[in-house]
Chemist: 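Please read through the structure below; I'll follow up with questions.
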4 protein chains.
Amino acid sequence: MKHGKSGDSKSDAKKPADFTIGAGPTTVWPEVSAAMSRPMMYHYDPAFVDLFARTTEKAARVLQTQEDVILFQGEAIGALEAAGRACVRPGMTVLNLNSGVFGRGMGEWLRQWGATVHEVAAPYNEAISSEAVERALREHPEVELVAVVHSETPSGTVNPVDEIGPLARAHGAVTLVDCVSSLGGMPFAADEWQLDICVAGAQKCLSGPPGVSPMCVSARAWDLIARNPGAPRWSYLSLLDWRDAYLREGRFPFTPSVSDVYGLEACLDVVLDAGLEASIARHTSAAQACRAGASAMGLSLWPRSEAIMSTCTTAISLPDGLDDVQVREHVRSRYGVQLSSGQGAGRLVRIGHMGVTARPLYPVLGLAALGRALLDLGARLDLGLGMEAALEHISSHEAP
Amino acid sequence: MKHGKSGDSKSDAKKPADFTIGAGPTTVWPEVSAAMSRPMMYHYDPAFVDLFARTTEKAARVLQTQEDVILFQGEAIGALEAAGRACVRPGMTVLNLNSGVFGRGMGEWLRQWGATVHEVAAPYNEAISSEAVERALREHPEVELVAVVHSETPSGTVNPVDEIGPLARAHGAVTLVDCVSSLGGMPFAADEWQLDICVAGAQKCLSGPPGVSPMCVSARAWDLIARNPGAPRWSYLSLLDWRDAYLREGRFPFTPSVSDVYGLEACLDVVLDAGLEASIARHTSAAQACRAGASAMGLSLWPRSEAIMSTCTTAISLPDGLDDVQVREHVRSRYGVQLSSGQGAGRLVRIGHMGVTARPLYPVLGLAALGRALLDLGARLDLGLGMEAALEHISSHEAP
Amino acid sequence: MKHGKSGDSKSDAKKPADFTIGAGPTTVWPEVSAAMSRPMMYHYDPAFVDLFARTTEKAARVLQTQEDVILFQGEAIGALEAAGRACVRPGMTVLNLNSGVFGRGMGEWLRQWGATVHEVAAPYNEAISSEAVERALREHPEVELVAVVHSETPSGTVNPVDEIGPLARAHGAVTLVDCVSSLGGMPFAADEWQLDICVAGAQKCLSGPPGVSPMCVSARAWDLIARNPGAPRWSYLSLLDWRDAYLREGRFPFTPSVSDVYGLEACLDVVLDAGLEASIARHTSAAQACRAGASAMGLSLWPRSEAIMSTCTTAISLPDGLDDVQVREHVRSRYGVQLSSGQGAGRLVRIGHMGVTARPLYPVLGLAALGRALLDLGARLDLGLGMEAALEHISSHEAP
Amino acid sequence: MKHGKSGDSKSDAKKPADFTIGAGPTTVWPEVSAAMSRPMMYHYDPAFVDLFARTTEKAARVLQTQEDVILFQGEAIGALEAAGRACVRPGMTVLNLNSGVFGRGMGEWLRQWGATVHEVAAPYNEAISSEAVERALREHPEVELVAVVHSETPSGTVNPVDEIGPLARAHGAVTLVDCVSSLGGMPFAADEWQLDICVAGAQKCLSGPPGVSPMCVSARAWDLIARNPGAPRWSYLSLLDWRDAYLREGRFPFTPSVSDVYGLEACLDVVLDAGLEASIARHTSAAQACRAGASAMGLSLWPRSEAIMSTCTTAISLPDGLDDVQVREHVRSRYGVQLSSGQGAGRLVRIGHMGVTARPLYPVLGLAALGRALLDLGARLDLGLGMEAALEHISSHEAP
């Protein structure tokens, strides 16, 4: 084996962080943990068949769609690939909106799959403007697909998908939307926003497990897919298999990840029981407290303006001379807090506000650990002011 | 939504079966349930990085390999697809061994991917003979890949992979082995048997979760893959991504299914703590008791001879006039036992002996429920004799 | 340490039985397991305060009482002691109904506490007749307390508490009822049957944890307790503390067993969601199947007549020459099934039908293991006939 | 029912606090949660018998004793009562050391049980001096029992039990030590300190469940108990029953709280695997950080001097005009943190450092919530300075 530096006994095993306040997989709800431990079921046990259907319906309610919903059996990146491969045929023209790591990645995929790709790009600390999209669509009337990332998790920015959806629909193009980290943490309405394929993740603002990813596919999207002879069939990545087997006949194309589906239902229940609006309000509030604290401390937020900042993760620029690996390792080993890197988006570190961690004191925890670690590493900042500002924000806003 | 007949309240939800004695996903160990409920970790939390490496090593020990091991993030069918797509380039010659549903499926995949496919076939109640393989290899010296299913789960039969491995190796061909349902339940030794790519499942004889699948890839297999320019890259199904990112650099190509990896480690621990031989002995014993009981009851075993019968699942032919849906639904609703169908292999029903259920009284439970259900549906059989024979077998063999 | 034959490493640890089909603590519902693993709460966390009150109400619904309900923090034997100590003052006259191990034990307690005890006794394979109770009350007009065991778990018999309650009430006596193993498994209605103090267990027919025991105390019982100056105060065993602190002021007299209360709520939910009648019907059906199987096999049931047999546990007389330790150890080690002894009630072994195990195939499992073990040990019986009879009963009765 | 203000549907249920940082029951280890969810076992299942013996041995290692260890089945207050009732006979002379709520309570119990009680008392923000104990013993040569609380949880103070033990032993008296909240969080060595009966709690610094309490009983203590004809027998509170049944014969006097014992073993494993010294160091460090922060913020610590401050809980005096109910409710509802009251020890609020919460950032969390809440309620303090001081302490001390 090339890689495997593990200790060989249980007692050698490193302990998990005290607090996981990163950009996902994030801390899960106790309800999710409990669900994951339920007895395994045969996938055609009527109780599992029922649970799977029920969970699909609940995902539809959170996605706010009447269109088809598929529970992709794997991490969201697989669901995005499945969606792209279903839609894209060689030579087809696609407009890719690239304002971050995941936008760039989608562009590379699109080219790999043979599409003619036009891009509207923005620096990774900015967002796509809908005007630029409108212009690009006007310039490229042959565009059949518009690919866009709602929340660019690595850089903590948000693109105006609510405006882009109607533009694409008016143009006759299908939208392929990455809402992996936004669902449950910011407003998102698949049908109202005229979006066609939307891929969400369970392990972000839903505080569920990463092994299953809910997605919706509109009738318009199925039409586009139907025009692609190369759309995967009889494949782990085939949306058509799921449509034909599951949506039409109630059969599973293969054995689903039973426990992950348990966990998905549990986290959807948490959101639906409390209400989607309450869930979003919690995320907004946590993000605002975090920003207030970081700024007061003297840290710079990575996104260029507050208007485009995500509520699911706060990206903070690192002071000069510090790199994110060093910072995060120190935060983890000294303060027991697991934060996230920028995944290549820039020299930044991220505090997540996702599901469980979008609660009042998590941002304070994240800032305390980060701020003190930066001081330890030689940065200058006013830790006390930062703590006060974050807490002041929480104090002055009604708890959700 | 096209499909979704679920009740809309929790109290409407159907209850799981009292006993799941099917062909997987099967009842899991309490250790697995407990592991699945552990706090979610960020995938780059050092504790998770360590756990992932440790689990990879444990999988290698169970697969009995020194070659590379990959934990495919999804159900085993995805791992098989990933393996096939990595190896197969259009025009390449492959020998496919087809003695059941999964062998047939692999053949269809191979043709879909553009291979020139030769087949050694056997009826679904028989096994492949190694002589036929030897002959086929002699006839087709250009064969580069031999695809074989170790345990054909749907029909409860076993192919002599221990003999086929050396034949293929001597021929210079790479083997692609589906050991999804055999690992942990019957002897299997990847390196000793000269096998190259072996894909296992966690939800069968390991009694783990279906969402992650351990597989090994030999240096020979990597060489073959290197000759395939179309081997998936930057894909959920890419083995090369896992090799380059994880095996070489310790990076994850995407977020792994954290909870499923917890569950996988737990089930590997159960097997390794008790010893692989003890695990296999349990399966052998359970299968023998089941066969003894079924035969004494007057039921026919589906496989043509005892020599090729699997220890992980006993396939029982249904009496004339009964169909498997009706039988299994009756067994489930009246006796609370979830059995498996033959998944298209024939008119049969299956009692699993997998991990937890490869313990003395599970086969008795399965036979009691099946036998009584068949009586209810008008079949003639001697239930008492069957029960006695199964119990007599358990009584007269040392408990593992 | 005087006693401690444990192995010193985890790997030495013996594994739990495959199936626990004894007389409690019995197999718990998955819902209970999940609940027990919920995050611990501070006992004055408003969420726990709410949960405790809610659980108390649910216990009242299952006990069918409008009177006060206390969740005793400990095993039911402690609750019985607490009840007895509260009521009994030296010199007070008590009628104790003794038809088994627990009836005898209560008598010893009563004497230890200084009561003048009259007894109506019956052999341990018979039940108390209400006529005898009526007679005894007539003979002893000074009786202030009648102590009775509803279900004598060790011997699998039932006393007619529904008839005894009204007799005692008419007499002006308070009843102290041990319904530890009956609640949830047979009809029981505290108020309708005019019972005063009823002590239940969670780990029997409710399939919950043994660490908390719901009990009800009528206004009449409080009056009797008020007349006892020695009723425990400021004690772990004080009902008065619970009344004054919790029932009157919502304060806990001491820290409750938080996790056990989680588990209790979960098992009460299972019963209430399915309905108390359905729960009882399941127990009845399981017990009947078990009796049918045992009799057909040639075994003798311990209780003298079917009319007094409990539905929560079937007591089976052991064939001559066999002792229960030897039999149960063989059943456990060879067949993986944990049965119960008679706890001193006689030469018998017990198969439980409690909560989870009051489902169709559990009695079959128990009989298969017991029957085969008895054969192994030299007994003569017809195992096949027994299996057939039990399954025939299940087949011919509508599944609950 | 007199008390029961619960909502009647699940959705009405209040959510647990985000963080439980009180004085116990405290946040438990994930290992404890997982253990509590394990399948229930019959108490005479050999696997449970083994587990119980193993857990008893582990408790002995943590208590640092070679004497008898009993796992009392109930909360620690019950174990203290059991210990006291075993020792105390009417007319016997006891020296009670009273420096807090639990010391006072023991005195009331001792008098209730008929002892002649002498007391060494200290204000609730001070500790007992060993000189005063020595003097009292000299004055009262007839003292047979010395009762002392190691850690007075409600007021966050510690008594010098290490000095008192040898004084009592030299005097010929037996010690009855309440180490409920100290075990695992501060140095404690039963045998080395010459202590006789020591009662611990699982739900404090061990981060386990409250339903089982390990205690040790020396040979000297058994001798004293033997001289007490009123020592409880055949009672839930009887130590003698446990000695005669369990320690001598391996029988349980009644059904133990199976799940709580699972949880106890799990938390003892956490402490023993990491090492007792490391566990204590974590508590010390957390307490110091908390004190540093509270003081810097301008709050007053309740105990009169640092030397007597407990490491398991920091008691903080409330600013004038504020009461603890109001403060804690605000902290809980606005900041999601559950703190503890002083349980009558004074006008104070407590931040716990117990097991899980004796990790770097928990005290910071507690101070952030408390400090901001006090500001909200009109107090004057410097929140930023407090945060900085606590974090500064963590930064400058090696992480345990």
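All chains are named by letter (A, B, ...) in the order of the sequence lines, taking the proteins before the strands, and each is independently numbered beginning at 1.
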Chemist: What part of Thr55(A) gets within 4.5 angstrom of chain B, counting heavy atoms only: side chain, backbone, both, or neither?
Modeler: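 Interface part for Thr55(A): neither.
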Chemist: Which atom names give the shortest non-hydrogen contact between Met41(B) and Pro16(A), and what distance separates them?
Modeler: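 Nearest heavy atoms, Met41(B) then Pro16(A): SD-CB, 3.7 Å.
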Chemist: Got a sec: does the CZ of Arg111(B) have more than 12 other heavy atoms crowding it under 6.0 Å?
Modeler: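 Result for CZ/Arg111(B): enclosed.
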Chemist: With respect to chain B, which residue among Cys216(A), Gly22(A), Gly24(A) yields the maximal number of heavy-atom pairs within a distance under 4.5 Å?
Modeler: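 Looking at each of Cys216(A), Gly22(A), Gly24(A) in turn, Gly24(A) comes out on top.
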Chemist: In terms of heavy-atom pairs under 4.5 Å, which option from Gln112(B), Gln73(B), Arg328(B) contacts chain A the most?
Modeler: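 Sorted descending by pairs with chain A, the first entry is Gln112(B).
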Chemist: Of the listed residues (Ser33(B), Gly74(B), Ala35(B), Pro25(B)), which shares the most heavy-atom pairs with chain A below a 4.5 Å separation?
Modeler: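 Counting heavy-atom pairs under 4.5 Å, the top option is Pro25(B).
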Chemist: Look at Asp45(A), Asp260(A), Val28(A) and state which one has the largest set of heavy-atom pairs under 4.5 Å with chain B.
Modeler: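 Option with the top pair count is Asp45(A).
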Chemist: Relative to the ring of Tyr236(B), is the ring of Tyr236(A) parallel (under 30°), tilted (30 to 60°) or perpendicular (over 60°)?
Modeler: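 Judged by the thresholds at 30° and 60°, the geometry between Tyr236(A) and Tyr236(B) is parallel.
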Chemist: Quick one: of Ala34(B), Pro46(B), Ala17(B), who has the most non-hydrogen atom pairs under 4.5 Å with chain A?
Modeler: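 The residue among Ala34(B), Pro46(B), Ala17(B) with the greatest pair count is Pro46(B).
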Chemist: Tell me, out of Tyr44(A), Tyr262(A), Trp109(A), who's got the most heavy-atom pairs with chain B below 4.5 Å.
Modeler: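 The residue among Tyr44(A), Tyr262(A), Trp109(A) with the greatest pair count is Trp109(A).
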Chemist: Output the option from Glu81(A), Glu329(A), Met36(A) having the highest count of non-hydrogen pairs under 4.5 Å with chain B.
Modeler: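 Most heavy-atom pairs under 4.5 Å with chain B: Glu81(A).
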Chemist: Of all the heavy-atom pairs spanning Glu75(A) and Thr255(B), show the shortest one and how long it is.
Modeler: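 Smallest interatomic distance, heavy atoms only, reads CG-O, 3.2 Å.
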Chemist: Using a cut-off of under 4.5 Å for heavy-atom pairs, which of Ser37(B), Gly263(B), Pro30(B) has the most such pairs with chain A?
Modeler: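 Sorted descending by pairs with chain A, the first entry is Ser37(B).
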Chemist: Between Arg243(A) and chain B, with a heavy-atom cut-off of 4.5 Å, which part of the residue counts as in contact: side chain, backbone, both or neither?
Modeler: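 When you check distances to chain B, no heavy atom of Arg243(A) falls under 4.5 Å.
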Chemist: What closest approach, in Å, do Ser235(B) and Leu237(A) show between heavy atoms, and which atom pair accounts for it?
Modeler: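 Minimum heavy-atom contact is OG-CD1, 4.2 Å.
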Chemist: Is it the side chain or the backbone of Ile21(A) that comes within 4.5 Å of chain B heavy atoms, both, or neither?
Modeler: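 Neither; nothing under 4.5 Å.
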Chemist: Which one of Gln203(B), Met40(B), Arg38(B), His43(B) has the most heavy-atom pairs closer than 4.5 Å to chain A?
Modeler: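 Most heavy-atom pairs within the cutoff with chain A belong to Met40(B).
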Chemist: Pick one of side chain, backbone, both or neither for Ser340(A), based on which atoms fall under 4.5 Å of a heavy atom in chain B.
Modeler: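 Interface part for Ser340(A): both.
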Chemist: To check you understand the geometry: which heavy-atom pair defines the closest contact between Pro256(A) and Pro210(B), and what is its length?
Modeler: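 Heavy atoms only, the tightest pair is O-CG, 3.4 Å.
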Chemist: Taking side chain to side chain donor-acceptor pair (under 3.5 Å) as the definition, give me every residue that meets it alongside Gln338(A), ordered by chain and number, with sequence neighbours left out.
Modeler: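 Gln338(A) satisfies side chain to side chain donor-acceptor pair (under 3.5 Å) with Arg332(A) once adjacent residues are dropped.
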Chemist: Between Ala23(A), Ala47(A), Pro39(A), Ala82(A), which has the largest tally of heavy atom pairs under 4.5 Å with chain B?
Modeler: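 Winner by heavy-atom pair count: Ala47(A).
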Chemist: Mind ranking Ser207(A), Pro253(A), Gly105(A) by heavy-atom pairs under 4.5 Å with chain B and telling me who comes out on top?
Modeler: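 That would be Gly105(A).
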Chemist: Is Glu108(A) in contact with chain B via its backbone, its side chain, both, or neither, using a 4.5 Å heavy-atom distance?
Modeler: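 Looking at Glu108(A), backbone and side chain both touch chain B.
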Chemist: Is Arg233(A) in contact with chain B via its backbone, its side chain, both, or neither, using a 4.5 Å heavy-atom distance?
Modeler: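 The backbone, not the side chain.
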Chemist: Under 4.5 Å from any heavy atom of chain B, what part of Thr20(A) do you find: side chain, backbone, both or neither?
Modeler: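 When you check distances to chain B, only side chain atoms of Thr20(A) fall under 4.5 Å.
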Chemist: Contact part of Tyr42(B) toward chain A, heavy-atom cut-off under 4.5 Å: side chain, backbone, both or neither?
Modeler: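 When you check distances to chain A, atoms from both the backbone and side chain of Tyr42(B) fall under 4.5 Å.
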